[in-house]
Amino acid sequence: DSGVTQTPKHLITATGQRVTLRCSPRSGDLSVYWYQQSLDQGLQFLIQYYNGEERAKGNILERFSAQQFPDLHSELNLSSLELGDSALYFCASSPDGGRNTEAFFGQGTRLTVV
Amino acid sequence: QKEVEQDPGPLSVPEGAIVSLNCTYSNSAFQYFMWYRQYSRKGPELLMYTYSSGNKEDGRFTAQVDKSSKYISLFIRDSQPSDSATYLCAMSGNNRLAFGKGNQVVVIP
């Protein structure tokens, strides 16, 4: 158990809908990363937050947004969902801002858009 | 050139063989190098963590880093069927954390 908790584990929704994925980082970790992993792709970095502020942005679509709350949990919001958004979404946390330390992953949320 | 390059494989080896995986990178700011193992699309778990050039051994696993060539490797000795998984390299530095695409390894009994 990495100590990173993601909910829900599975999500099935229809195209055009909006969903929210939740991540609770390891106790004491300030930084949260979101990644997308499609069937044929590796881990695609979406966005990173550090202590409530956006730290880095990757290949995140405009339809997607995220935030990190004062208690350090993070939410990833996906809207106007398309079939191609079906993927595993992973959250990872690290003690600091990703400044040269390893990250620990949650078990992921499997999103299926039908 | 991608920041981190990792040949996705797959790689099939017989049980007991040595598995050799590698990644190249382009960002000189990377100082910390990691290998993650991912089973059946579950969350990746940290396997090895090294800093700077050199070797690090942990049981049957050896991680090598050659910063001058921007090349890292993972060796698995006496491979077991339970080693069948996807292995991802990762590296960090200067507030960047980047992953390779992952290399699927199948160890055949």
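Letters A, B, ... are given to chains in the order of the sequence lines, protein chains preceding strands, and every chain is numbered from 1.
- Of all residues in residues 106-114 of chain A, those placing a non-hydrogen atom less than 4.5 angstrom from a non-hydrogen atom of chain B are A/G106, A/Q107, A/R110.
- Only one option out of B/Y36, B/Y25, B/F33 pairs with B/F99 in a ring pair (Phe, Tyr, Trp, His ring centres under 6.0 Å); it is B/Y36.
- Neither the backbone nor the side chain of B/Y51 comes within less than 4.5 Å of any heavy atom of chain A.
- The residues A/R63 and A/E82 are annotated as salt-bridged, a charged nitrogen and a carboxylate oxygen being separated by less than 4.0 angstrom.
- Ring geometry, A/F105 versus A/Y35: the interplanar angle falls from 30° to 60°, so the pair is classed tilted.
- A heavy-atom distance below 4.5 Å is found between the side chains of A/V4 and A/C91.
- Judged by the 6.0 Å distance and 45° axis criteria, A/R26 is positioned over the aromatic ring of A/F104.
- For the pair B/E57 and B/R77, the salt-bridge criterion is met [side-chain N within less than 4.0 Å of a carboxylate O].
- No part of B/Q6 comes within reach of chain A, as not one of its non-hydrogen atoms sits under 4.5 angstrom from that chain.
- The two residues A/S93 and A/D29 come nearest to each other via the heavy atoms OG-OD2, 2.7 Å.
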